[in-house]
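Throughout, a chain's letter reflects where its sequence line sits, starting with A, and its residues are numbered from 1.
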2 protein chains.
Amino acid sequence: MTALPNRDRRAERREATRREILDAAWEIARSEGIAALTLRAVAERIGMRSPSLYSHFESKNAIYDGMFGQAWQQLLALQQATPLPRSPRRRLLVIAQGFFDFSVADLARYQLMNQRTIPDFEPSEEAYAPSLEVMAHLRQDLAEIGITTQADVDLNTAIVAGFVDQQLANDPGGERWRRQLPRLIDMYADAVRLPGPRLRRTT
Amino acid sequence: MTALPNRDRRAERREATRREILDAAWEIARSEGIAALTLRAVAERIGMRSPSLYSHFESKNAIYDGMFGQAWQQLLALQQATPLPRSPRRRLLVIAQGFFDFSVADLARYQLMNQRTIPDFEPSEEAYAPSLEVMAHLRQDLAEIGITTQADVDLNTAIVAGFVDQQLANDPGGERWRRQLPRLIDMYADAVRLPGPRLRRTT
DNA sequence: GTCTATATTCTGATAGAC
DNA sequence: GTCTATCAGAATATAGAC
(Lines give C-alpha, C1' and ligand atoms only; values in the text may rest on other atoms or scores of the structure.)
Protein backbone atom coordinates (compact mmCIF):
# COMPACT_ATOMS: atom_id res chain seq x y z
CA MET A 1 0.00 0.00 0.00
CA THR A 2 1.67 3.16 -1.13
CA ALA A 3 -1.24 5.54 -0.87
CA LEU A 4 -0.31 7.10 2.42
CA PRO A 5 3.44 7.46 1.82
CA ASN A 6 2.71 9.12 -1.51
CA ARG A 7 0.38 11.55 0.07
CA ASP A 8 3.00 12.36 2.68
CA ARG A 9 5.65 13.09 0.10
CA ARG A 10 3.27 15.21 -1.88
CA ALA A 11 2.34 17.17 1.22
CA GLU A 12 6.00 17.60 2.05
CA ARG A 13 6.74 18.90 -1.41
CA ARG A 14 3.85 21.32 -1.18
CA GLU A 15 5.06 22.56 2.15
CA ALA A 16 8.57 22.99 0.78
CA THR A 17 7.29 25.09 -2.12
CA ARG A 18 5.25 27.22 0.24
CA ARG A 19 8.33 27.87 2.29
CA GLU A 20 10.33 28.62 -0.84
CA ILE A 21 7.78 31.23 -1.84
CA LEU A 22 7.82 32.84 1.58
CA ASP A 23 11.62 32.83 1.65
CA ALA A 24 11.69 34.65 -1.67
CA ALA A 25 9.10 37.11 -0.39
CA TRP A 26 11.25 37.87 2.64
CA GLU A 27 14.30 38.50 0.51
CA ILE A 28 12.41 41.01 -1.60
CA ALA A 29 10.83 42.64 1.44
CA ARG A 30 14.24 43.06 3.04
CA SER A 31 15.87 44.59 0.00
CA GLU A 32 13.01 46.64 -1.48
CA GLY A 33 10.81 47.31 1.52
CA ILE A 34 7.85 45.35 2.82
CA ALA A 35 5.39 47.45 0.83
CA ALA A 36 7.26 46.95 -2.45
CA LEU A 37 6.54 43.24 -2.64
CA THR A 38 5.04 42.04 -5.95
CA LEU A 39 3.93 38.61 -7.05
CA ARG A 40 6.00 38.83 -10.22
CA ALA A 41 9.16 39.50 -8.25
CA VAL A 42 8.47 36.64 -5.87
CA ALA A 43 7.78 34.23 -8.71
CA GLU A 44 10.80 35.32 -10.70
CA ARG A 45 13.13 34.77 -7.79
CA ILE A 46 12.21 31.09 -7.59
CA GLY A 47 11.99 30.54 -11.34
CA MET A 48 8.22 30.52 -11.55
CA ARG A 49 5.54 32.54 -13.31
CA SER A 50 3.37 34.62 -11.08
CA PRO A 51 0.07 32.81 -11.78
CA SER A 52 1.62 29.61 -10.42
CA LEU A 53 1.80 31.19 -6.99
CA TYR A 54 -1.96 30.90 -6.82
CA SER A 55 -1.59 27.14 -6.49
CA HIS A 56 -0.03 27.79 -3.10
CA PHE A 57 -1.50 31.07 -1.88
CA GLU A 58 -4.94 32.31 -2.71
CA SER A 59 -3.90 35.97 -2.89
CA LYS A 60 -1.06 38.36 -2.30
CA ASN A 61 -2.40 39.14 1.13
CA ALA A 62 -2.30 35.43 1.90
CA ILE A 63 1.45 35.65 1.34
CA TYR A 64 1.67 38.58 3.73
CA ASP A 65 -0.38 36.51 6.12
CA GLY A 66 2.04 33.61 5.86
CA MET A 67 4.96 35.95 6.45
CA PHE A 68 3.24 37.51 9.44
CA GLY A 69 2.62 34.12 11.02
CA GLN A 70 6.16 32.98 10.29
CA ALA A 71 7.67 36.07 11.86
CA TRP A 72 5.77 35.66 15.11
CA GLN A 73 6.52 31.94 15.10
CA GLN A 74 10.20 32.82 14.87
CA LEU A 75 9.97 35.15 17.81
CA LEU A 76 8.05 32.54 19.76
CA ALA A 77 10.69 29.92 19.00
CA LEU A 78 13.43 32.30 20.11
CA GLN A 79 11.55 32.98 23.32
CA GLN A 80 11.14 29.28 24.02
CA ALA A 81 14.78 28.54 23.28
CA THR A 82 16.18 31.28 25.49
CA PRO A 83 17.01 30.18 29.04
CA LEU A 84 16.30 32.93 31.53
CA PRO A 85 18.46 33.76 34.53
CA ARG A 86 16.79 33.65 37.90
CA SER A 87 18.15 37.03 38.93
CA PRO A 88 15.27 39.43 38.22
CA ARG A 89 17.30 42.16 36.60
CA ARG A 90 19.46 39.85 34.55
CA ARG A 91 16.29 38.10 33.44
CA LEU A 92 14.73 41.37 32.30
CA LEU A 93 17.87 42.21 30.39
CA VAL A 94 17.96 38.88 28.59
CA ILE A 95 14.31 39.26 27.63
CA ALA A 96 14.80 42.81 26.39
CA GLN A 97 17.99 42.05 24.47
CA GLY A 98 16.40 39.02 22.86
CA PHE A 99 13.48 41.04 21.58
CA PHE A 100 15.67 43.98 20.63
CA ASP A 101 18.18 41.96 18.61
CA PHE A 102 15.45 39.98 16.90
CA SER A 103 13.67 43.19 15.93
CA VAL A 104 16.54 45.26 14.64
CA ALA A 105 17.87 42.33 12.63
CA ASP A 106 15.10 42.79 10.05
CA LEU A 107 13.27 46.09 9.53
CA ALA A 108 10.80 44.66 7.03
CA ARG A 109 9.85 41.90 9.43
CA TYR A 110 9.47 44.36 12.28
CA GLN A 111 7.22 46.60 10.21
CA LEU A 112 5.03 43.72 9.12
CA MET A 113 4.76 42.40 12.66
CA ASN A 114 4.17 45.61 14.50
CA GLN A 115 3.05 48.38 12.21
CA ARG A 116 0.03 48.79 9.98
CA THR A 117 2.03 49.60 6.92
CA ILE A 118 0.25 47.53 4.23
CA PRO A 119 -3.00 49.30 3.32
CA ASP A 120 -5.31 46.30 2.93
CA PHE A 121 -3.63 43.59 4.91
CA GLU A 122 -5.07 42.28 8.15
CA PRO A 123 -3.68 39.12 9.69
CA SER A 124 -5.92 36.07 9.92
CA GLU A 125 -6.73 34.57 13.29
CA GLU A 126 -4.38 31.70 12.56
CA ALA A 127 -1.46 33.98 11.76
CA TYR A 128 -2.27 36.16 14.74
CA ALA A 129 -2.26 33.26 17.19
CA PRO A 130 1.53 33.02 17.76
CA SER A 131 1.69 36.70 18.62
CA LEU A 132 -0.79 36.06 21.41
CA GLU A 133 1.40 33.18 22.54
CA VAL A 134 4.41 35.46 22.62
CA MET A 135 2.57 37.92 24.81
CA ALA A 136 1.32 35.18 27.13
CA HIS A 137 4.82 33.77 27.39
CA LEU A 138 6.19 37.19 28.26
CA ARG A 139 3.55 37.73 30.93
CA GLN A 140 4.52 34.40 32.45
CA ASP A 141 8.22 35.23 32.41
CA LEU A 142 7.55 38.52 34.13
CA ALA A 143 5.11 37.04 36.62
CA GLU A 144 7.82 34.68 37.84
CA ILE A 145 9.82 37.63 39.10
CA GLY A 146 6.82 39.34 40.61
CA ILE A 147 5.75 41.62 37.77
CA THR A 148 2.07 40.91 37.47
CA THR A 149 0.06 44.07 36.78
CA GLN A 150 -0.95 45.03 33.26
CA ALA A 151 0.47 48.48 33.86
CA ASP A 152 3.92 47.10 34.71
CA VAL A 153 3.91 44.82 31.68
CA ASP A 154 2.75 47.68 29.44
CA LEU A 155 5.53 49.86 30.74
CA ASN A 156 8.08 47.19 29.95
CA THR A 157 6.92 46.48 26.42
CA ALA A 158 6.69 50.16 25.57
CA ILE A 159 10.16 51.19 26.65
CA VAL A 160 11.80 48.26 24.89
CA ALA A 161 9.77 48.85 21.74
CA GLY A 162 10.86 52.49 21.88
CA PHE A 163 14.49 51.45 21.93
CA VAL A 164 13.94 49.26 18.88
CA ASP A 165 12.20 52.10 17.13
CA GLN A 166 14.92 54.64 17.70
CA GLN A 167 17.68 52.19 16.83
CA LEU A 168 16.02 51.35 13.52
CA ALA A 169 15.12 54.94 12.67
CA ASN A 170 18.21 56.82 13.76
CA ASP A 171 21.12 54.41 13.92
CA PRO A 172 20.36 51.34 11.80
CA GLY A 173 23.06 48.75 12.15
CA GLY A 174 24.57 50.60 15.10
CA GLU A 175 24.58 50.26 18.86
CA ARG A 176 23.50 53.70 20.05
CA TRP A 177 20.40 52.51 21.86
CA ARG A 178 21.32 48.86 22.20
CA ARG A 179 24.22 49.71 24.52
CA GLN A 180 21.89 51.57 26.86
CA LEU A 181 19.66 48.54 27.42
CA PRO A 182 21.22 47.65 30.81
CA ARG A 183 20.58 51.18 31.96
CA LEU A 184 17.01 51.03 30.70
CA ILE A 185 16.41 47.80 32.58
CA ASP A 186 17.84 49.17 35.80
CA MET A 187 15.59 52.19 35.46
CA TYR A 188 12.55 50.00 34.92
CA ALA A 189 13.48 47.57 37.68
CA ASP A 190 13.83 50.44 40.11
CA ALA A 191 10.42 51.74 39.13
CA VAL A 192 8.72 48.40 39.74
CA ARG A 193 10.83 47.81 42.85
CA LEU A 194 12.69 44.73 41.81
CA PRO A 195 15.47 43.64 44.21
CA GLY A 196 19.08 44.13 43.14
CA PRO A 197 21.80 43.60 42.27
CA ARG A 198 21.85 46.44 39.74
CA LEU A 199 23.17 45.71 36.30
CA ARG A 200 25.24 48.88 36.22
CA ARG A 201 27.05 50.83 38.88
CA THR A 202 25.18 53.79 40.26
CA THR A 203 27.45 56.63 39.19
CA MET B 1 2.11 100.11 -11.39
CA THR B 2 0.28 96.87 -10.81
CA ALA B 3 3.08 94.51 -11.68
CA LEU B 4 4.21 93.79 -8.20
CA PRO B 5 0.78 93.48 -6.55
CA ASN B 6 -0.28 91.13 -9.34
CA ARG B 7 2.73 88.96 -8.78
CA ASP B 8 1.94 88.86 -5.08
CA ARG B 9 -1.62 87.76 -5.62
CA ARG B 10 -0.52 85.15 -8.09
CA ALA B 11 2.03 83.82 -5.66
CA GLU B 12 -0.59 83.76 -2.94
CA ARG B 13 -2.97 81.83 -5.14
CA ARG B 14 -0.26 79.34 -6.02
CA GLU B 15 0.56 78.85 -2.39
CA ALA B 16 -3.10 78.37 -1.56
CA THR B 17 -3.47 75.70 -4.24
CA ARG B 18 -0.38 73.92 -2.99
CA ARG B 19 -1.85 73.85 0.47
CA GLU B 20 -5.17 72.64 -0.88
CA ILE B 21 -3.42 69.74 -2.58
CA LEU B 22 -1.53 68.82 0.55
CA ASP B 23 -4.70 69.06 2.65
CA ALA B 24 -6.45 66.65 0.30
CA ALA B 25 -3.46 64.33 0.43
CA TRP B 26 -3.60 64.30 4.22
CA GLU B 27 -7.28 63.44 4.22
CA ILE B 28 -6.69 60.48 1.95
CA ALA B 29 -3.66 59.36 3.91
CA ARG B 30 -5.63 59.46 7.13
CA SER B 31 -8.56 57.46 5.80
CA GLU B 32 -6.84 55.01 3.43
CA GLY B 33 -3.33 54.80 4.84
CA ILE B 34 -0.25 56.80 3.97
CA ALA B 35 0.86 54.20 1.41
CA ALA B 36 -2.50 54.19 -0.39
CA LEU B 37 -2.18 57.75 -1.64
CA THR B 38 -2.76 58.21 -5.39
CA LEU B 39 -2.56 61.31 -7.53
CA ARG B 40 -6.00 60.67 -9.01
CA ALA B 41 -7.59 60.52 -5.58
CA VAL B 42 -5.88 63.72 -4.49
CA ALA B 43 -6.95 65.52 -7.65
CA GLU B 44 -10.51 64.27 -7.48
CA ARG B 45 -10.91 65.48 -3.92
CA ILE B 46 -10.24 69.06 -4.95
CA GLY B 47 -12.10 68.91 -8.26
CA MET B 48 -9.03 68.68 -10.44
CA ARG B 49 -7.63 66.22 -12.96
CA SER B 50 -4.50 64.47 -11.91
CA PRO B 51 -2.19 65.92 -14.60
CA SER B 52 -2.93 69.38 -13.21
CA LEU B 53 -1.15 68.47 -10.03
CA TYR B 54 2.09 68.56 -11.96
CA SER B 55 1.77 72.32 -12.20
CA HIS B 56 2.31 72.40 -8.45
CA PHE B 57 4.37 69.31 -7.62
CA GLU B 58 6.87 67.73 -9.92
CA SER B 59 6.10 64.19 -8.82
CA LYS B 60 4.15 62.11 -6.34
CA ASN B 61 7.16 61.92 -4.07
CA ALA B 62 7.29 65.70 -4.10
CA ILE B 63 3.84 65.62 -2.51
CA TYR B 64 5.09 63.21 0.13
CA ASP B 65 7.99 65.58 0.61
CA GLY B 66 5.67 68.53 1.13
CA MET B 67 3.64 66.53 3.61
CA PHE B 68 6.78 65.46 5.46
CA GLY B 69 7.96 69.04 5.79
CA GLN B 70 4.51 70.24 6.85
CA ALA B 71 4.26 67.60 9.55
CA TRP B 72 7.57 68.51 11.13
CA GLN B 73 6.72 72.20 10.80
CA GLN B 74 3.54 71.52 12.74
CA LEU B 75 5.45 69.78 15.50
CA LEU B 76 7.96 72.61 15.57
CA ALA B 77 5.16 75.17 15.84
CA LEU B 78 3.58 73.22 18.68
CA GLN B 79 6.92 73.06 20.45
CA GLN B 80 7.43 76.80 20.10
CA ALA B 81 3.91 77.59 21.29
CA THR B 82 4.08 75.40 24.38
CA PRO B 83 5.21 77.22 27.53
CA LEU B 84 7.29 74.96 29.72
CA PRO B 85 7.11 74.84 33.51
CA ARG B 86 10.31 75.48 35.39
CA SER B 87 9.89 72.46 37.61
CA PRO B 88 12.07 69.82 35.95
CA ARG B 89 9.63 66.94 36.21
CA ARG B 90 6.61 68.95 35.24
CA ARG B 91 8.60 70.26 32.31
CA LEU B 92 9.48 66.74 31.17
CA LEU B 93 5.85 65.73 31.42
CA VAL B 94 4.64 68.65 29.35
CA ILE B 95 7.22 67.88 26.68
CA ALA B 96 6.34 64.21 26.61
CA GLN B 97 2.60 64.75 26.58
CA GLY B 98 2.92 67.32 23.83
CA PHE B 99 4.81 64.92 21.59
CA PHE B 100 2.61 61.99 22.55
CA ASP B 101 -0.69 63.72 21.83
CA PHE B 102 0.59 65.18 18.61
CA SER B 103 1.76 61.75 17.46
CA VAL B 104 -1.24 59.62 18.32
CA ALA B 105 -3.60 62.20 16.83
CA ASP B 106 -2.62 61.09 13.32
CA LEU B 107 -1.18 57.67 12.54
CA ALA B 108 -0.51 58.43 8.89
CA ARG B 109 1.43 61.54 9.84
CA TYR B 110 3.42 59.66 12.45
CA GLN B 111 4.32 56.94 9.97
CA LEU B 112 5.43 59.43 7.35
CA MET B 113 7.47 61.39 9.87
CA ASN B 114 9.14 58.56 11.70
CA GLN B 115 9.00 55.33 9.76
CA ARG B 116 10.38 54.34 6.39
CA THR B 117 7.10 53.09 5.07
CA ILE B 118 7.05 54.47 1.52
CA PRO B 119 9.40 52.37 -0.64
CA ASP B 120 11.00 55.09 -2.75
CA PHE B 121 10.49 58.23 -0.75
CA GLU B 122 13.35 60.06 0.90
CA PRO B 123 12.82 63.54 2.30
CA SER B 124 14.68 66.42 0.72
CA GLU B 125 17.08 68.49 2.75
CA GLU B 126 14.57 71.30 2.86
CA ALA B 127 11.79 69.08 4.20
CA TYR B 128 14.18 67.49 6.64
CA ALA B 129 15.32 70.79 8.10
CA PRO B 130 12.40 71.36 10.54
CA SER B 131 12.94 67.92 12.05
CA LEU B 132 16.48 68.97 12.90
CA GLU B 133 15.08 72.12 14.44
CA VAL B 134 12.70 70.09 16.55
CA MET B 135 15.55 67.99 17.85
CA ALA B 136 17.69 71.05 18.56
CA HIS B 137 14.80 72.67 20.39
CA LEU B 138 14.30 69.56 22.48
CA ARG B 139 17.98 69.40 23.35
CA GLN B 140 17.80 73.01 24.49
CA ASP B 141 14.69 72.40 26.60
CA LEU B 142 16.36 69.47 28.29
CA ALA B 143 19.67 71.27 28.76
CA GLU B 144 17.90 73.98 30.75
CA ILE B 145 17.04 71.42 33.42
CA GLY B 146 20.47 69.87 33.40
CA ILE B 147 19.99 67.03 30.93
CA THR B 148 22.90 67.47 28.58
CA THR B 149 24.41 64.14 27.55
CA GLN B 150 23.44 62.46 24.29
CA ALA B 151 22.74 59.27 26.22
CA ASP B 152 20.21 60.98 28.49
CA VAL B 153 18.47 62.62 25.55
CA ASP B 154 18.40 59.33 23.63
CA LEU B 155 16.89 57.60 26.60
CA ASN B 156 14.16 60.22 26.80
CA THR B 157 13.21 60.16 23.13
CA ALA B 158 13.16 56.37 23.02
CA ILE B 159 10.87 55.77 25.97
CA VAL B 160 8.38 58.40 24.84
CA ALA B 161 8.45 57.09 21.27
CA GLY B 162 7.80 53.63 22.65
CA PHE B 163 4.71 54.86 24.43
CA VAL B 164 3.42 56.37 21.20
CA ASP B 165 4.12 53.16 19.37
CA GLN B 166 2.27 50.94 21.78
CA GLN B 167 -0.65 53.33 22.06
CA LEU B 168 -1.08 53.41 18.29
CA ALA B 169 -0.57 49.68 17.80
CA ASN B 170 -2.50 48.23 20.71
CA ASP B 171 -4.99 50.79 21.93
CA PRO B 172 -5.65 53.33 19.18
CA GLY B 173 -7.87 56.10 20.42
CA GLY B 174 -7.47 54.94 24.01
CA GLU B 175 -5.48 55.99 27.04
CA ARG B 176 -3.78 52.78 28.10
CA TRP B 177 -0.25 54.13 27.73
CA ARG B 178 -1.06 57.82 27.80
CA ARG B 179 -2.22 57.62 31.42
CA GLN B 180 1.10 56.13 32.45
CA LEU B 181 3.10 59.07 31.15
CA PRO B 182 3.55 60.67 34.60
CA ARG B 183 4.90 57.39 35.89
CA LEU B 184 7.23 57.11 32.92
CA ILE B 185 8.57 60.59 33.52
CA ASP B 186 9.14 59.96 37.22
CA MET B 187 11.02 56.81 36.30
CA TYR B 188 13.18 58.68 33.82
CA ALA B 189 13.72 61.64 36.11
CA ASP B 190 14.90 59.33 38.86
CA ALA B 191 17.32 57.67 36.47
CA VAL B 192 18.88 60.96 35.43
CA ARG B 193 18.74 62.25 39.01
CA LEU B 194 16.45 65.18 38.56
CA PRO B 195 15.34 66.86 41.78
CA GLY B 196 11.76 66.39 42.95
CA PRO B 197 8.95 66.86 43.56
CA ARG B 198 7.72 63.61 42.06
CA LEU B 199 4.71 63.74 39.80
CA ARG B 200 3.11 60.73 41.43
CA ARG B 201 3.13 59.44 44.96
CA THR B 202 5.61 56.67 45.69
CA THR B 203 3.28 53.85 46.65
C1' DG C 1 1.03 22.11 -10.48
C1' DT C 2 2.82 24.98 -13.86
C1' DC C 3 2.29 27.11 -17.96
C1' DT C 4 0.57 30.82 -21.66
C1' DA C 5 -2.61 34.14 -22.57
C1' DT C 6 -5.33 37.56 -21.07
C1' DA C 7 -8.72 40.34 -18.42
C1' DT C 8 -9.12 44.29 -15.76
C1' DT C 9 -7.79 47.94 -13.45
C1' DC C 10 -4.82 51.12 -11.85
C1' DT C 11 -0.54 53.67 -11.65
C1' DG C 12 2.60 57.90 -12.36
C1' DA C 13 3.72 60.69 -15.92
C1' DT C 14 3.85 63.38 -20.59
C1' DA C 15 2.12 66.02 -24.87
C1' DG C 16 -0.18 69.51 -26.48
C1' DA C 17 -4.68 72.25 -27.07
C1' DC C 18 -6.93 76.09 -24.87
C1' DG D 1 -2.77 76.65 -15.02
C1' DT D 2 -6.03 73.36 -16.28
C1' DC D 3 -7.77 70.45 -19.45
C1' DT D 4 -8.24 66.00 -22.69
C1' DA D 5 -6.00 62.31 -24.51
C1' DT D 6 -2.82 59.02 -23.99
C1' DC D 7 1.37 56.49 -22.90
C1' DA D 8 3.81 52.79 -21.00
C1' DG D 9 3.87 49.85 -17.70
C1' DA D 10 2.69 47.36 -13.62
C1' DA D 11 -0.47 45.30 -10.59
C1' DT D 12 -3.50 41.24 -9.01
C1' DA D 13 -6.11 37.80 -10.62
C1' DT D 14 -8.55 34.27 -13.77
C1' DA D 15 -9.26 30.77 -17.72
C1' DG D 16 -7.93 26.96 -19.67
C1' DA D 17 -4.28 23.97 -22.11
C1' DC D 18 -0.92 20.54 -20.87
Calculate the interatomic distance between [X] atom [atom1] and [N] atom [atom2]; express it in whole Å.
X       : N      : atom1 : atom2 : value
B/Ile28 : C/dC10 : CD1   : P     : 15 Å
B/Leu39 : D/dG9  : CG    : C1'   : 15 Å
B/Arg49 : C/dC10 : CZ    : P     : 15 Å
A/His56 : D/dA13 : NE2   : P     : 16 Å
B/Glu44 : D/dC3  : CD    : C1'   : 16 Å
B/Glu20 : D/dT2  : CD    : C1'   : 13 Å
B/Tyr54 : D/dT4  : OH    : C1'   : 16 Å
B/Ile46 : D/dT2  : CD1   : P     : 8 Å

Any Lys/Arg nitrogen of A/Asp101 or A/Arg178 sitting under 4.0 Å from an Asp/Glu carboxylate oxygen of the other?
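The answer is yes: the pair qualifies as a salt bridge.
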In terms of side-chain heavy atoms of [X], which of [options] is nearest?
X       : options               : answer
B/Met48 : D/dT2, C/dC3, D/dT4   : D/dT2
B/Pro51 : D/dC3, D/dA11, C/dG12 : D/dC3
A/Ser52 : C/dC3, C/dG1, C/dG12  : C/dC3

What is the nucleic acid contact for [X], judged by heavy atoms within less than 4.0 Å: base, sugar-phosphate only, or nothing?
X       : result
A/Ser50 : nothing
B/Leu37 : sugar-phosphate
A/Thr38 : sugar-phosphate
B/Arg40 : base
B/Ser55 : base

Polar side-chain atom of B/Asp152 near backbone of B/Ile147 as donor-acceptor pair, under 3.5 Å:
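No, because the side chain of B/Asp152 does not come within donor-acceptor range (under 3.5 Å) of the backbone of B/Ile147.
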Polar side-chain atom of A/Arg89 near backbone of A/Arg198 as donor-acceptor pair, under 3.5 Å:
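Pair absent, no side-chain N/O of A/Arg89 close to backbone of A/Arg198.
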Side chain to side chain contact (heavy atoms under 4.5 Å, CB included) partner of A/Leu92, the single match among A/Asp186, A/Leu184, A/Ile185, A/Leu84
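Going through the options one by one, the only one that passes is A/Ile185.
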Pi-cation contact, B/Phe121 with B/Arg116 (under 6.0 Å, within 45°)
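Checked: cation-pi criterion not met.
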